[in-house]
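Computation of the quantities below employed the complete heavy-atom set of this structure, encompassing side-chain atoms and omitting hydrogens, waters and symmetry-equivalent molecules.
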Amino acid sequence: MDALPARVELVIFDLDGVVYRGDHPVPGAAELIARLHRAGVVVRFATNNSMWTRRDYAARLRGMGIDAEPGEVVTSASATAAWLARDAPGVETLLAVGEDGLVREMGEAGYRVTPAAEAATDGDVDVPTREWDAVVAGLDRSFEYRRLALAAGAVRAGSRFVATNADRRYPTPRGFLPGAGSIVAAIAAAAEVEPEVIGKPQPGMFLATCEEARVPLGAALVVGDNPDADIVAARRAGIASVLVLTGVASAEAASRLAGERRPDAVVPGPDDVWDRLADRLA
């Protein structure tokens with residue numbers, strides 16, 4: 001495997017499966033982050049989950065004993081809002097297929113947001129016209145046929161189709177549940193239009209994080225659990241990565257990883273991350 005950076009100034013953590021699983025912290029994660037803080041390393045958190053806002057995530061982390069501020073968190077929803085502002089300046093109105101965190105994050109960014117949960121009212125399902133500049137889709141645990149018909153119809157009518165991420169599943173303490181990618185795939189199939197995907201495995205979240213922290217790519221490290229999202233995004237960004245076996249990947253699966261999915265190191269958990277980094281810190 002490739003060597004990790006000789007000097008690590010920034011560590012970017014995925015959340016689900018790395019720092020916690022559901023409401024349960026991953027053993028050793030809080031201690032690892034505290035050690036990095038004491039060593040003067042910049043810590044950031046980057047999650048594909050769009051169900052909560054950055055403030056929500058920071059509060060959740062603090063509740064687990066982890067020092068975190070909203071500005072240290074980037075979500076696929078906040079990354080999508082930033083991408084729309086930068087690369088889609090004509091977009092003003094959104095149909096949001098997702099939960100409250102996605103709706104609030106987009107609203108706080110200045111967009112006029114219609115939640116699909118409110119627009120997909122009872123009654124006969126109709127074919128919508130283009131009422132929104134874009135349809136933004138994330139994880140929606142109450143997703144049903146009316147929301148699918150509404151979103152797909154809007155995309156077919158000309159609304160831009162943007163996915164916060166394409167994760168097919170995410171880890172919980174009891175196993176895996178369908179991720180945002182399952183919702184996005186349903187809309188794409190019904191609309192016959194592929195989305196513009198913003199979150200991991202695209203590299204934008206990691207590149208923006210390094211730029212914000214003013215840390216060169218060669219001094220950054222990603223700690224993730226998902227080879228298809230975290231590791232591929234790190235590779236595409238030119239950032240070294242460590243795969244932890246506390247989430248999506250098993251040891252057996254990790255041994256077969258190749259190409260963009262191959263991390264620079266594979267470790268069982270947070271304690272082992274510290275062992276690999278202790279002599280490389282700023």
Side-chain angles (χ1 to χ4, degrees), residues 47-54 74-170 177-205 208 228-229 232-233 236:
T47 177
N48 263 356
N49 197 322
S50 62
M51 292 191 293
W52 296 282
T53 67
R54 288 169 289 178
V74 59
T75 72
S76 61
S78 67
T80 298
W83 179 86
L84 286 169
R86 183 182 65 249
D87 294 333
V91 171
E92 297 180 355
T93 60
L94 303 175
L95 175 68
V97 181
E99 303 202 5
D100 185 59
L102 175 62
V103 174
R104 284 190 288 148
E105 198 74 61
M106 293 300 166
E108 290 173 7
Y111 294 100
R112 298 198 300 276
V113 185
T114 302
E118 296 177 5
T121 56
D122 292 338
D124 293 336
V125 175
D126 198 4
V127 177
T129 59
R130 181 179 174 177
E131 299 179 35
W132 301 278
D133 297 324
V135 173
V136 176
L139 183 56
D140 183 349
R141 291 172 295 182
S142 299
F143 190 65
E144 43 76 50
Y145 185 79
R146 295 180 189 282
R147 299 183 198 185
L148 171 61
L150 182 70
V155 171
R156 286 196 306 272
S159 297
R160 199 161 183 169
F161 184 20
V162 183
T164 60
N165 71 89
D167 281 354
R168 290 173 289 183
R169 60 180 185 166
Y170 72 96
L177 289 174
S182 61
I183 309 299
V184 170
I187 298 171
E192 297 184 300
V193 174
E194 290 301 314
E196 298 169 275
V197 180
I198 307 305
K200 301 173 283 187
Q202 299 306 318
M205 293 174 72
D228 296 312
V232 172
R236 292 176 180 177

Q) Between S78 (side chain) and V74 (backbone), is there a donor-acceptor pair under 3.5 Å? A)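 Looks like no, no N/O pair under 3.5 Å.
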With a 4.5 Å cut-off on side-chain heavy atoms, are [Y] and [X] touching?
X: V136; Y: V162; value: yes
X: F143; Y: E99; value: no
X: W132; Y: L94; value: no
X: V232; Y: R236; value: yes
X: E196; Y: D87; value: no
X: V97; Y: I183; value: yes
X: T114; Y: T93; value: no
X: R169; Y: S182; value: no

Q. Quick one: do R147 and D140 make a salt bridge, cutoff under 4.0 Å?
A.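 Answer for the salt bridge query: yes.
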Spatial distance of atom [atom1] ([X]) from atom [atom2] ([Y]) [nearest 0.5 Å]:
X: S76; Y: Q202; atom1: OG; atom2: CD; value: 12.5 Å
X: W52; Y: D100; atom1: CH2; atom2: CG; value: 11.0 Å
X: R104; Y: T53; atom1: CZ; atom2: OG1; value: 4.5 Å
X: L95; Y: E118; atom1: CG; atom2: CD; value: 10.5 Å

Q: Please say which of N48, N49, T75 ends up in a side-chain contact (heavy atoms from CB on, under 4.5 Å) with N165.
A: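 Testing N165 for a side-chain contact (heavy atoms from CB on, under 4.5 Å) against N48, N49, T75 leaves exactly one candidate, N48.
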Q: Search all heavy atoms of G179 against all heavy atoms of L139 and return the closest pair with its distance.
A: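 Nearest pair, atom of G179 first, then L139: C-CD1, 3.6 Å.
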Q | Minimum-distance pair of heavy atoms, taken over all atoms of L102 and G138 | A |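 The answer is CD2-N, 4.1 Å.
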Q: Tell me, with the steps shown, if R156 and E192 meet salt bridge (Lys or Arg N to Asp or Glu O under 4.0 Å).
A: CA-CA 8 Å; R156 286 196 306 272; E192 297 184 300; over 6 Å; no
**Q.** Stepwise side-chain contact (heavy atoms from CB on, under 4.5 Å) test for Y170 and M51
**A.** CA-CA 12 Å; Y170 72 96; M51 292 191 293; 4.3 Å; yes
Q) Yes or no on side-chain contact (heavy atoms from CB on, under 4.5 Å) for F161 and V184, after CA distance, side-chain angles and deciding distance? A) CA-CA 9 Å; F161 184 20; V184 170; 4.1 Å; yes
